[in-house]
Amino acid sequence: MKKFNKNTSIIIFIVLSNIVLKLPFINNPISDWHSWNQVTTVATARYIVEDGWASLFNAKVDLFESFKEDSNATFAEFPILSGLIALGFMITGDEYEWAARLISILISTIGVLYFYLLVRDTAGQQVAIYAAMFYLISPMNWYFHRTIMTDVLMVSFVIGGLYHYYHWINNQKWSDFIISAFFTIIASLSKAYALYIGIVYLCLLLENHGWRKLFNGKNILYGFLTLTPIISWIYYCFYQMSKMNSGNNLMTDAGLLGPISIWFELDYWSSLLSSVGDFTLSAFGFLIFIYTFTRHFSKLKESKIALYWLGAVFFYFLFVREGNREHDYYQMPFAAPVLFITAIGINQLFIQIKNGFKPKSCQIFTVLFWSLLIIVSGKYSYTKARLDMSPVVLGKKMKELNQGRDYVLVIDPDSLQRNQAVYYAKSKGWHIRKLPELKTIQEYKAHGVRYMGINYKSNALQNAAPHLALYERNFKKAWQGSSTDRYKKPKTLFIFKL
């Protein structure tokens, strides 16, 4: 009973801590780091609410890719997260940012809970406690797990799938088989790259049952169940894309894989090292990671699943090269195995400290250690959460002026702000990066645009003066305002009625 109560208390603490730590900034507009990605998710949710659940199979966003009416259709990940957010919007009665972020936080809670359980069952409870603590305050998780991104769903369900697969291999319970298959299906539909976890499954299978049982009926059934949904979805996306001019289809586009030459670029590996060292492990966590390999490799071999997991993610880095080079959120899968290994090292380090110092000194060291990590990690998380309010301000003002919800055109040189202003305008429209000539504007006007919004750095206005003067002579300037970017540099905003 005491053991049960202790385990229950730890689980409750982990769940509550994960939620409480991520509540700050929960009501932020979607204009933080990688907000273009997050807006795509909530925009898809908007049209599920408006058009019904059939939109899960014909997702739409606010942004047109061409002048064709169906060019705002998008075929990327199966919109599981967007569907959950749409349900949240229906329940709350509006498109509240906090509702979308809360759903991501709750999904991340599944991940951290299964992470604790997996480490506990493979490396012991004390290591699991340290691993869970690292996982909770890792800047990579602390920030990204409250963002509205499908990667959060993928990472969390990968961990859940691995936990149940590990137990399926060891006890052959059909409940673990079914739950693991379900989690793996959801993870891969959220991000097809989640199938990298299959390498860990294969290693566990070979370790426990050998080559002879590799192709037995149960394993073939598991492979069929987990691969059929994602293969079917990729084929469906490819087929739909062949019929229309729609948005990018990440499920059939090899652009995020990139050329093999990336393997030999020092900048690629140094950026990954920086992400893992600073943003995942924080402060001196990377040193403990190295310490674990150099001083306690025998302990690592006792928890081989951590090494299998690390190797699988390394393969993922080799496979999805361009994606990992361009976007730091692609490194989210690396956090769990790296923190698992680091927790093994910190456990051994704390054992040595306890043996060499008085209890009081050990307590002081422990408090200082975790306090420092929390402060540093909190700083990283806060920095990522800083907002660029300019597209939000511009979009909301366009919504106020554009009562008829006519199409809009947004000009913003920032390529990472391709859809925020359009989303907050609660309309559909286009985004371009360069100030257009009158002929181009007339073409957009002919396709239904009635309001043109401009988001420009204030220190670049002098170069834009000829275009702005041309617009003022030919169109009505409905509004001019100001805002700042993420780094508090001034932005000047304009809205013209065409």
Side-chain angles (χ1 to χ4, degrees), residues 1-26 101-147 151-167 176 179-180 183 186-187 279-283 285 288-289 303 305-306 309 332-347 350 363 366-367 369-378 380-381:
M1 182 61 70
K2 285 183 178 179
K3 184 178 180 181
F4 172 80
N5 289 337
K6 183 180 179 181
N7 286 335
T8 304
S9 298
I10 292 171
I11 289 172
I12 292 172
F13 176 80
I14 289 171
V15 169
L16 293 179
S17 296
N18 187 69
I19 295 172
V20 170
L21 282 171
K22 295 180 175 69
L23 287 180
F25 312 115
I26 192 173
R101 293 188 188 277
L102 180 60
I103 288 169
S104 286
I105 292 170
L106 294 177
I107 289 171
S108 75
T109 303
I110 296 172
V112 67
L113 180 57
Y114 269 114
F115 182 60
Y116 164 75
L117 295 173
L118 180 61
V119 178
R120 185 198 66 185
D121 293 354
T122 56
Q125 188 174 73
Q126 195 58 50
V127 175
I129 291 172
Y130 293 143
M133 291 174 70
F134 267 117
Y135 195 86
L136 286 169
I137 65 171
S138 168
M140 178 68 75
N141 298 335
W142 199 345
Y143 170 71
F144 277 119
H145 287 185
R146 65 165 172 255
T147 59
D151 302 75
V152 181
L153 182 60
M154 176 196 75
V155 168
S156 296
F157 276 62
V158 157
I159 298 172
L162 179 56
Y163 170 83
H164 285 286
Y165 191 84
Y166 169 80
H167 283 285
D176 285 311
I179 297 173
S180 176
F183 276 28
I186 298 299
F279 200 54
T280 301
L281 290 168
S282 182
I288 299 172
F289 177 77
S303 303
I305 191 171
W309 204 349
M332 272 195 254
F334 210 44
V338 168
L339 295 172
F340 187 165
I341 291 168
T342 304
I344 292 174
I346 198 65
N347 184 54
F350 277 11
Q363 291 173 3
T366 302
V367 170
F369 175 82
W370 290 110
S371 296
L372 178 61
L373 281 181
I374 290 170
I375 291 170
V376 174
S377 298
Y380 273 108
S381 182

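Just so it is clear, the structure is predicted and the values come from calculations on it, not from any experiment.
The closest donor-acceptor contact from the side chain of Ser180 to the backbone of Gly161 lies under 3.5 Å. Using modelled atom types, one side-chain atom of Thr147 and one backbone atom of Phe144 make a donor-acceptor pair closer than 3.5 Å. Using a distance-only test at 3.5 Å, with no hydrogens or angles considered, a donor-acceptor pair links the side chain of Thr122 to the main chain of Leu118. Of the possible polar contacts, none joining the Thr342 side chain to the Ile288 backbone as a donor-acceptor pair under 3.5 Å is found.
Of the listed residues (Tyr116, Phe183, Trp309), just one forms a side chain to side chain contact (heavy atoms under 4.5 Å, CB included) with Ile159, and that residue is Trp309. Between Tyr114 and the options Tyr165, Tyr166, Tyr163, a ring pair (Phe, Tyr, Trp, His ring centres under 6.0 Å) holds for only Tyr163.
Distance OG1/Thr8 to CD1/Ile12: 6.0 Å, rounded to 0.5 Å. Atoms CD1 and CD1, from Ile26 and Ile105 in turn, are 4.0 Å apart once rounded to the nearest 0.5 Å. For the atom pair NE2 of His164 and CD1 of Ile179, the computed distance is 4.5 Å after rounding to the nearest 0.5 Å. Here Ile14 contributes atom CD1 and Ile129 contributes atom CD1; the two are 7.5 Å apart, rounded to the nearest 0.5 Å.
Of all heavy-atom pairs spanning Arg120 and Ala128, the tightest one is N-CB, 3.3 Å. Of all the heavy atoms in Ser282 and Pro139, the pair that sits closest is CB-CD, 3.9 Å. Nearest heavy atom pair, residue Met140 against residue Thr280, reads CE-OG1, 3.7 Å. The heavy-atom pair separating Ile346 from Ala343 by the smallest distance is CG2-O, 3.1 Å. Nearest heavy atoms, Ala131 versus Phe115: O-CE2, 3.4 Å. Annotation for Val152 and Ile107: closest pair O-CG2, 4.0 Å, computed over non-hydrogen atoms.
Between Ile374 and Trp142, the closest side-chain pair of non-hydrogen atoms falls below 4.5 Å. For the pair Tyr380 and Phe279, the minimum side-chain heavy-atom distance is below 4.5 Å. With a 4.5 Å cut-off on side-chain heavy atoms, Trp370 and Ile137 count as touching. Between Val112 and His145, every side-chain heavy-atom pair lies at or beyond the 4.5 Å cut-off. Under the 4.5 Å side-chain criterion, counting only non-hydrogen atoms from C-beta, Ser303 is in contact with Ile344. Between Gln125 and Ile10, some side-chain heavy-atom pair lies under the 4.5 Å cut-off. Taking 4.5 Å as the limit, some side-chain heavy atom of Lys22 sits within range of a side-chain heavy atom of Asn18. Side-chain atoms of Ser17 and Met133, non-hydrogen and from C-beta on, never get closer than 4.5 Å to each other.
With 3.5 Å as the limit, one finds no donor-acceptor pair spanning the side chains of Ser108 and Asn141.
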Exercise for the section: Decide yes or no on side-chain contact (heavy atoms from CB on, under 4.5 Å) for Val119 and Leu339, but give the supporting numbers first. Expected result: CA-CA 10 Å; Val119 178; Leu339 295 172; over 6 Å; no

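Remark: Phe289 pairs with Phe293 by the ring pair (Phe, Tyr, Trp, His ring centres under 6.0 Å) rule, at least two apart or across chains.
Surrounding CZ of Phe369 are more than 12 heavy atoms belonging to other residues, nucleotides or ligands, all under 6.0 Å away.
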